[in-house]
Protein chains: 2
Amino acid sequence: MAHTLEDIAEKSGYSRSTVSRVINGEPGVSKKARQQITKIIKELNFHPNQAARALATGKINTIGLLIPETVNFIFTDPYFQLLAQGISKACENNDYALLLWLTEPEIERSSIKKYLNHGIVDGFITASINFDEPMIDTLLQSNLPFVIIGRHAYEFDLNYVDLDNLAGAELATQHLVDRGYKRIATITGPQDMFAGEERLTGYCNVLHANGLVIEENLIIEGDFLQESGYTCAKKLLAFKPDAIFAASDMMAIGAMNAIREAELHIPEDIAVIGFDNLPLTAQQKPPLTTIHQPIHQMGYLAVETLLKVMDNPDGEVFQTIIRPSLVTRQST
Amino acid sequence: MAHTLEDIAEKSGYSRSTVSRVINGEPGVSKKARQQITKIIKELNFHPNQAARALATGKINTIGLLIPETVNFIFTDPYFQLLAQGISKACENNDYALLLWLTEPEIERSSIKKYLNHGIVDGFITASINFDEPMIDTLLQSNLPFVIIGRHAYEFDLNYVDLDNLAGAELATQHLVDRGYKRIATITGPQDMFAGEERLTGYCNVLHANGLVIEENLIIEGDFLQESGYTCAKKLLAFKPDAIFAASDMMAIGAMNAIREAELHIPEDIAVIGFDNLPLTAQQKPPLTTIHQPIHQMGYLAVETLLKVMDNPDGEVFQTIIRPSLVTRQST
DNA sequence: TATAGAATTGGGAGCGCTCCCAACCACCAA
DNA sequence: TTGGTGGTTGGGAGCGCTCCCAATTCTATA
């Protein structure tokens, strides 16, 4: 069996309490005691029993990552991988464990509810993707602190970490304008999603500010995935754009494929800019100009935000909006 | 604060012990008591405190999913998605929580070690992909029970769940032979992986058994990913095969693209068979004949195996090899 | 040197559960 | 009536930790 606090206490000649203080980095321990106890802990590779700690403190030192989507989605979306990595890292650094909830739609809602009240996490992080009304209600009813990555469409006083999608789209579009492109098309994200909507707004803002006409033929709605980038671009090409702003990197990649198939050159005949700065964009031919979204960092931040929320049960709301930046490569 | 066993005991007029028995489905409780207590538990939506339970039993009711993420293809591989789904489902059904470990390469190995000894899981599941020596040593040293999905290259007395890759490859190749194809090529998996190696062996076995020549030009090594299927197929086409056995569906899909680009018809000019039976194979044009691997079920089984291992600390080794089956569609 | 006050240390109580043994109750056979 | 039996039930002990208060030691000052 593993060691206990009491073992360490005995071996070091101090008491359980002092050992506990050392482990938790509390003040009020002499240097000598701290050194000796630390040494023994290291030697014995001692780790306090999490269950006992949880029972005594009422906190279980675990946060949940709630993903209201089929698993397929999670592991295919490179965006999500980076997010999960950031979250995972932050948990590790803060000595929290990360519990993964994969909840499939509909039927499993009840199981979320069950889990939320199970007392197995102190709080959780979730992504705003595809929130419907009952879902958000369930979360709110849980009484557990949580942080959303992204933003909810109409619940505004939630804790979230999100990108400034508007600014990002403006950066992208302004970049195209600055390069002298005139017929700038866009493949948007889904218009029932906050991010999709804002990225279109940013595009329109910049065209307008620069006195360019917003031509309906040059705006087409995609779904953020590669396939839709391809099909949308095919349609757009009929209207002879000289640049395309795709609201996601995956769509930009799809669009590049379509452009190549039409035997046009990037960026000579037509420029392409993406959004997200996924790692694979750098390996495209040509490398894709895009808007950098610090996804990993956002995951990390979400955890830190959650920890703050958990320390502040009296309702302070934490909202962070991250500024994106432009990454210029050879596709524009 | 949440209710406790004692609350339920008081409300029902029975004792803590009896309530505990009801909750854990133990025998030796009268029907009347069981009914009344069950009713009150439902009414109050009571869930026993996990930490207390863990402390009392010494089991924390959580298993870890360890993902040695050195290889980014783990994520992009739809194989992994299905696996995770099965694992997640099994955990839910057995009332275990699933803890996610995303471990980054090299440097973070030590952190795995730390976690393993942290007592936050009762056991864990991991995938065999890209195990290097220090990795497996770390796992073995942990003293925690674990189950591998797949097989380790040279450690044979580990608990695992794996597919009979040999039989699968034989099924696939035999199918091609039966259909009358003579120049059967193969795009193999990486030859330093057990699955890759076995699938090639199966291919050779069948050719040999049927008196066909094994032609080196018709064997080419891929890496299981779509891209490599495409490039390998391009090379193979020079040698005029009339059928291709790709050791993964993704490679088969890549190969089909290459074949179409060469303006050849599937299966008239050249047949293609894959391996895995990923959902997307059914939607190919033409739908892909492939070897069915019950991935979801394997994930599920891995959890059940782990539970068995945890009940048998005295070293019984559980190894399951699943038989694949042939799924005939229109590509052959 | 005495003593207040600060720094350090020790140990009881309790978190909510499970495990185990003892107690209780009916019921039946002797 | 007594004793034995099996089915139920109750409650003490203990899991390993934190929290809190009391005890002890040290330090600085009069």
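What you see is a predicted model; the values in this text were computed from it and never measured. The sequence lines fix the lettering, A, B, ..., with proteins before strands; numbering per chain opens at 1.
If you measure from atom NE2 of B/H3 to atom P of C/dC15, you get 16 Å, rounded to the nearest angstrom. The separation between B/L5 atom CG and D/dT9 atom C1' is 15 Å, rounded to whole Å. Residue A/F46 contributes atom CZ, which lies 4 Å from atom P of D/dC17 at whole-angstrom precision. Per the geometry, CZ belonging to B/R53 stands 16 Å off C1' belonging to C/dC15, to the nearest Å. The distance between atom CD of B/E6 and atom P of C/dG16, rounded to the nearest whole Å, is 10 Å. Going from atom NE2 of B/H47 over to atom C1' of C/dG16 covers 16 Å, rounded to whole Å. B/E26 places its CD atom 11 Å from the C1' atom of C/dC20, with the value rounded to the nearest Å. Atom C1' of nucleotide D/dC17 and atom CD1 of A/I8 are separated by 13 Å, given to the nearest angstrom.
Side-chain proximity of A/T57 to D/dC17, C/dC17, D/dT18: nearest is D/dT18.
Atom CD of A/E26 has more than 12 heavy atoms from other residues, nucleotides or ligands within 6.0 Å. Remark: A/K39 NZ is loosely packed, at most 12 non-hydrogen atoms of other residues, nucleotides or ligands lying under 6.0 Å away.
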Does the protein touch nucleotides 4-10 of chain C at the base, only the backbone, or not at all? Give it as B, S and - per nucleotide, heavy atoms under 4.0 Å. ----SBB
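Comment: B/K308 does not engage B/E304 in a salt bridge, judged by the lack of any side-chain N to carboxylate O separation of less than 4.0 angstrom.
At D/dC17, none of the side-chain N or O atoms of A/S20 fall inside 4.0 Å of OP1 or OP2 (strictly under the cut-off). The phosphate of C/dT18 has OP1 or OP2 within less than 4.0 Å of a side-chain N or O from B/N24.
Note: B/I41 CD1 to B/D7 CG = 11.5 Å, rounded to the nearest 0.5 Å. Atom CG of B/D162 is separated from atom OG1 of B/T320 by 10.0 Å, given to the nearest 0.5 angstrom. Note: A/L65 CG to A/I149 CD1 = 7.5 Å, rounded to the nearest 0.5 Å.
Minimum heavy-atom separation, A/Y96 to A/I63: CD2-CG2, 3.5 Å.
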